[in-house]
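Beneath this line is the structure, given in structure tokens, with notes to follow.
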Protein chains: 2
Amino acid sequence: MADIDDIDHRLLRLLREDGRRTFSEMAVEVDLSVAAVKRRVDRLREIGVITGFTVRIDYAKLGWGIEAFTELRYAGTTPVSRIVHTATEVPEVQAVFTIAGDPDALVHVRARDLGHLQQVIDRLRRTGDVTGTKTLIALGSWTRDSLRPPLPGAP
Amino acid sequence: MADIDDIDHRLLRLLREDGRRTFSEMAVEVDLSVAAVKRRVDRLREIGVITGFTVRIDYAKLGWGIEAFTELRYAGTTPVSRIVHTATEVPEVQAVFTIAGDPDALVHVRARDLGHLQQVIDRLRRTGDVTGTKTLIALGSWTRDSLRPPLPGAP
DNA sequence: GGTGAAATCCTCGAGTG
DNA sequence: CACTCGAGGATTTCACC
């Protein structure tokens, strides 16, 4: 585990709340010079703590109103790499989690409507040696924007 | 659904790949002036398509090596608002999805280790009228960084 | 980690089709 | 209405202390 101090954690918290914060703004928050803040953020990227920056999108407003999680069960012989690979091939798949235990994988899916979701599930079932699926359709969601301690300093 | 054209989709795609891209860089990509790009992004924020920007973090490198999803089942009388509220109170909860069907909710959790995860699950069980939980522990994960069509223009 | 200066970038009003 | 242009100010970046 990397060598991250309290200021680094505060910077990460600030960037989680707003990934486009300026270095000058963050510098004021953590009471350092702008250059020092930039160096710290650059370092966090170099050591891989920060893997990138993204935009938060309201997909419903784009017509992608359906959000779901599909549990996948595979034949015992299927290697994990194949599970991830096949799910990755389906564009509607947002994320794949390989699981220790009952379902072998949990797949985060977005679709335009229920018919579309149906198609996506069908594609997932056809891919690899899927022996069964169970899909949880989200009615609503809430994501932490990091107002509370999501990645607090120490345990 | 909002009125988003192809250029807007391209801008969203660019921002999903790198949320800190400069307007000037995006302007080159979509072949518009910097000011035009800024106005489009501002507009996407105003109409709520863009809800914010964040940093992508490798939590394992911060000592938060455990990622899990907990399915929650509640007593039939529990209102959804209460489900979300209680889960929200637990800091290790990253996201909450209310579900149509069997589990009533799916909770995305991060913890330092299995002991910590145990504590988090215990807290979830004690909160509200939880009648049962099932936790899926992630062995690995993959998230789309939007190299492929994650939010394509039209169906 | 701080400073300072050059290069970039952002921002906004004015003008054009 | 969306775009381009241009100028002033803010931000980023980097070498040096």
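Letters go in sequence order (proteins before strands), and every chain restarts at 1. These numbers come from the heavy atoms of this one structure, side chains and all, not from hydrogens, waters or symmetry mates.
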Which listed nucleotide ([options]) is nearest to the side chain of [X]?
| X | options | value |
| --- | --- | --- |
| A/R40 | D/dC3, C/dC10, C/dG1 | C/dG1 |
| B/A35 | D/dC3, D/dT4, C/dG2 | D/dT4 |
| A/S24 | D/dT13, C/dT11, D/dT11 | D/dT11 |

Check: Can you find a side chain N or O atom of B/T22 that sits less than 4.0 Å from OP1 or OP2 on C/dT8?
Finding: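 Negative; the distance criterion is not met.
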
Check: Does OP1 or OP2 of C/dC10 have a side-chain N or O of B/K38 closer than 4.0 Å?
Finding: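 For C/dC10, neither OP1 nor OP2 has a side-chain N or O of B/K38 closer than 4.0 Å.
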
Which part of the nucleic acid does [X] contact within heavy-atom distance under 4.0 Å: base, sugar-phosphate only, or nothing?
| X | answer |
| --- | --- |
| B/R21 | nothing |
| B/S33 | base |
| A/R39 | base |

Check: Mind checking whether B/F69 and A/F69 have parallel, tilted or perpendicular rings, split at 30° and 60°?
Finding: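 Taking A/F69 first and then B/F69, their aromatic rings sit tilted (interplane angle of 30° to 60°).
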
Given atom [atom1] of [X] and atom [atom2] of [N], what is their separation to the nearest angstrom?
| X | N | atom1 | atom2 | value |
| --- | --- | --- | --- | --- |
| A/D42 | D/dT12 | CG | C1' | 10 Å |
| B/F53 | C/dC10 | CZ | C1' | 14 Å |
| A/M26 | D/dA10 | CE | C1' | 15 Å |
| A/F23 | C/dT8 | CZ | C1' | 13 Å |
| A/D31 | C/dG1 | CG | P | 12 Å |
| B/L32 | D/dC1 | CG | P | 18 Å |

Next item on the list: List the atom of B/W64, the atom of B/R110, and the distance in Å for their closest heavy-atom pair.
Entry: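 Of all heavy-atom pairs spanning B/W64 and B/R110, the closest is CZ3-O, 3.4 Å.
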
Checklist line | Which atom of A/K134 lies closest to which atom of B/D102, heavy atoms considered | finding: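 The answer is NZ-OD2, 3.4 Å.
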
Checklist line | Result of checking B/T133, B/D129, B/T131 against B/R73 for side chain to side chain contact (heavy atoms under 4.5 Å, CB included) | finding: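 The residue from B/T133, B/D129, B/T131 that satisfies side chain to side chain contact (heavy atoms under 4.5 Å, CB included) with B/R73 turns out to be B/T131.
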
